[in-house]
There are 2 protein chains.
Amino acid sequence: MFATCAPAAPATPGSTPALPQRREPRAPVFDGHRIAESLRLVADNVPIQRRVLRAGDTVYQAGQRFTHLHVVNAGMYKIVNLSADGRDQIVSLKYRGDWLGFDGIPEGVHDCDAIALDTGEVWTVSYDALTRACAAAPALIGLLHGAMSRELAGDRGSLMSVCSLPADARVADFLCNWARALSRRGLRTDQITLRLTRAEIGNYLGVTLETVSRAISRLARCELIEFTGKGRRDLVIPDVDGLAAFVQGCLAPVPALH
Amino acid sequence: MFATCAPAAPATPGSTPALPQRREPRAPVFDGHRIAESLRLVADNVPIQRRVLRAGDTVYQAGQRFTHLHVVNAGMYKIVNLSADGRDQIVSLKYRGDWLGFDGIPEGVHDCDAIALDTGEVWTVSYDALTRACAAAPALIGLLHGAMSRELAGDRGSLMSVCSLPADARVADFLCNWARALSRRGLRTDQITLRLTRAEIGNYLGVTLETVSRAISRLARCELIEFTGKGRRDLVIPDVDGLAAFVQGCLAPVPALH
DNA sequence: CGTTCGATTGAGGAAGATCAATTAATGTGG
DNA sequence: CCACATTAATTGATCTTCCTCAATCGAACG
């Protein structure tokens, strides 16, 4: 696939111009203010309970009765969906400002686990109290809907990645998204610590852990990523846009349709 | 994979009993009443505009300003996500009772297309009017949240299918879900018409159209599905639970983890 | 210092993609 | 109504990617 490490050649010489291949470093999005406001809006209108978690702690578990929602104030979390037949599947990752627990709404019972990946804090609010507060403070409705809609958008992104990208690109895309999620929230990206094992990343991306490992090694060989610490969990992405361009490059021969 | 058509042998003789392999025909879920109530609740509290669509018509398109939501009263719809680089990806399918348009909430602009797959009708409501009505009729809040949460659950299911099932099982799972979506809504399932081409199914499931075609042929050979009409678009699923069991059977050698 | 768990890397095989040819259904214009 | 074009679906042959199996290595921990 990319033994040559050719990073997304700017479209083959005689190709259609239909693909702008946008390479200008996109304006770095920063959501920190919006998130801080959201947190304040919640805390001002609903009684919250702060809860500190350590890596491995569960915020809630599948099967538990649903009574509360949780807003992430700090830390990172994985959402694990367990199907009836024993498969378990990491379906999304959550960061500061994201909500946890929507899955329990329709049936009153959670059908996912939410598990902390590192030390963090969530603000827990009663769902009943929250809906009542919505009547008084309509801004809360917009907040909630926005959060749910963003979660939907994230899911669509995952599906897109899994359905349309080869394994190496999936891993690259995963790393891009991770880095962007951090940078949008104002967290440091010059020293990223992967909080997932290769097996977990593979589970999330629909590939085996060996494939993840090989992909990461190749990306490192191409210097699209660099390891910093002793182990293989701390890394730097020197140029996130370059990494994103690599993802695009994996699609080169396929584009035209309709 | 299943040249012998062995349908989910009840676990290999000496295997762990950890996998119950539930085969009792699950109680058929029927959501018709809940959906009818939901539609009425909306119509009673918010001005709606009925809109009839024919196959291929768009309910809304990516890039359009978001002002309205839509509830499906009839017909089937595909949601297509187009990424910046030209990939387009079917991310979900919608039926009576589902909502369309949530993707526009956070940015005020849609980032998906919603396209009718056959003749149908949607009820269009102003999002502003709807949120205002939520204050007056709190049941609407629960309705909306339930709908969004169900959509999230559907997305997780898709991701799970794509990440953990081999191609043949994915197609089988897709057909199961289609049939169940219909039967839950009280629509006839003794004569299912696929409204998607093989290419579209493949796009949705992350495989090529040839793979879809082969999988469908094999399922038909095993009599897990049967074609009815002249073409290859009308089919019957004699035993949905049997088809679901086939999906499970594809996972046999993998289960244990942790 | 040995044990354990996670990660890396290689070799071989299998599932699925790609390329290509054929058939079937649908639509068009004469 | 028929010849023709067009689009969808099927099926086969080959090739690539990724999975599986296995060995090795490294870091962390008791």
Side-chain angles (χ1 to χ4, degrees), chain A residues 1-4 55-56 117 161-172 174-175 193-221 225 227-235 250-258, chain B residues 1-4 55-56 87 117 161-172 174-175 193-221 225 227-235 249-258:
Chain A
M1 158 56 72
F2 63 119
T4 65
L117 294 174
S161 178
V162 170
C163 280
S164 67
L165 295 179
D168 298 303
R170 260 182 245 183
V171 173
F174 164 78
L175 294 172
T193 300
L194 284 181
R195 304 276 175 194
L196 297 175
T197 66
R198 304 294 191 253
E200 288 174 313
I201 297 172
N203 174 288
Y204 183 44
L205 300 179
V207 296
T208 60
L209 84 180
E210 293 96 332
T211 298
V212 174
S213 181
R214 282 185 241 269
I216 289 180
S217 294
R218 277 191 283 257
L219 292 172
R221 215 162 9 245
I225 63 176
F227 288 109
T228 56
K230 317 220 98 175
R232 293 277 133 69
R233 290 164 47 93
D234 300 313
L235 55 83
C250 291
L251 296 161
V254 195
L257 51 155
H258 281 303
Chain B
M1 158 55 72
F2 64 118
T4 65
R87 289 176 283 167
L117 295 173
S161 179
V162 170
C163 280
S164 67
L165 294 179
D168 299 302
R170 261 182 243 182
V171 174
F174 164 78
L175 293 173
T193 299
L194 285 181
R195 305 277 174 193
L196 298 175
T197 66
R198 304 294 191 253
E200 287 174 313
I201 297 172
N203 174 286
Y204 183 42
L205 299 178
V207 296
T208 60
L209 84 180
E210 293 96 330
T211 297
V212 174
S213 181
R214 281 185 242 269
I216 288 181
S217 294
R218 277 190 284 257
L219 292 172
R221 218 168 358 251
I225 63 175
F227 288 110
T228 58
K230 316 220 100 176
R232 293 277 132 70
R233 289 164 49 93
D234 300 313
L235 55 84
C250 290
L251 296 162
V254 195
L257 50 156
H258 280 302

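- Looking at every heavy atom in both residues, B:Leu219 comes nearest to B:Leu175 through CD1-CD1, 4.0 Å.
- Counting only N and O atoms by type, the side chains of A:Ser164 and B:Arg87 include a donor and acceptor under 3.5 Å apart.
- Side-chain contact check for B:Val207 versus B:Val212: some heavy-atom pair is nearer than 4.5 Å.
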Worksheet, complete the sentence: Readout for nucleotides 25-30 of chain D: B = base within 4.0 Å of protein heavy atom, S = sugar-phosphate only, - = neither; 5' to 3' it is ------
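- B:Asp168 approaches B:Ala215 most closely through the heavy-atom pair OD1-CB, 3.4 Å.
- Inter-residue side-chain proximity for A:Leu196 and A:Phe174 is flagged as met; some heavy-atom pair is nearer than 4.5 Å.
- The nearest whole Å value for the distance from the CZ atom in B:Phe227 to the P atom in C:dA24 is 14 Å.
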Please list, for nucleotides 12-14 of chain D, all pairs of protein and nucleotide N/O atoms separated by less than 3.5 Å.
{"residue": "D:dG12", "atom": "N7", "partner": "B:Arg214", "partner atom": "NH1", "Å": "2.9"}
{"residue": "D:dG12", "atom": "O6", "partner": "B:Arg214", "partner atom": "NH2", "Å": "3.1"}
{"residue": "D:dA13", "atom": "N6", "partner": "B:Arg214", "partner atom": "NH2", "Å": "3.4"}

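- Residues A:Phe227 and A:Asp234 have side chains not in contact (no heavy-atom distance under 4.5 Å, counting atoms from C-beta outward).
- Of the listed nucleotides (D:dT11, C:dT8, C:dA17), C:dT8 has the atom at the smallest distance from the side chain of A:Ser217.
- Rounded to the nearest 0.5 angstrom, B:Arg214 CZ and B:Arg198 CZ are separated by 13.0 Å.
- Rounding to the nearest 0.5 Å places CG of A:Leu165 at 5.5 Å from CG of A:Leu251.
- For the pair B:Leu205 CG and C:dA15 P, the interatomic distance rounds to 19 Å; values are reported in whole Å.
- No side-chain heavy atom of B:Leu235 sits under 4.5 Å from any side-chain heavy atom of B:Thr228.
- Using a 4.0 Å heavy-atom distance criterion, A:Val212 is classed as making no nucleic acid contact.
- Taking every heavy atom of both residues into account, B:Arg170 and B:Leu205 meet most closely at NH1-O, 2.8 Å.
- For A:Thr211, a side-chain nitrogen or oxygen approaches OP1 or OP2 of D:dC19 to under 4.0 Å.
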Close N/O contacts between protein and nucleotides 3-9 of chain D (under 3.5 Å):
{"residue": "D:dA9", "atom": "OP2", "partner": "B:Arg198", "partner atom": "N", "Å": "2.9"}

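- In plain terms, the two heavy atoms of B:Glu200 and B:Arg195 that are nearest each other are OE1-O, 4.1 Å.
- Looking at heavy-atom distances under 4.0 Å, A:Gly206 makes contact with sugar-phosphate atoms alone, never a base.
- For B:Leu165 and D:dC19, the CG to C1' distance is 16 Å, given to the nearest whole Å.
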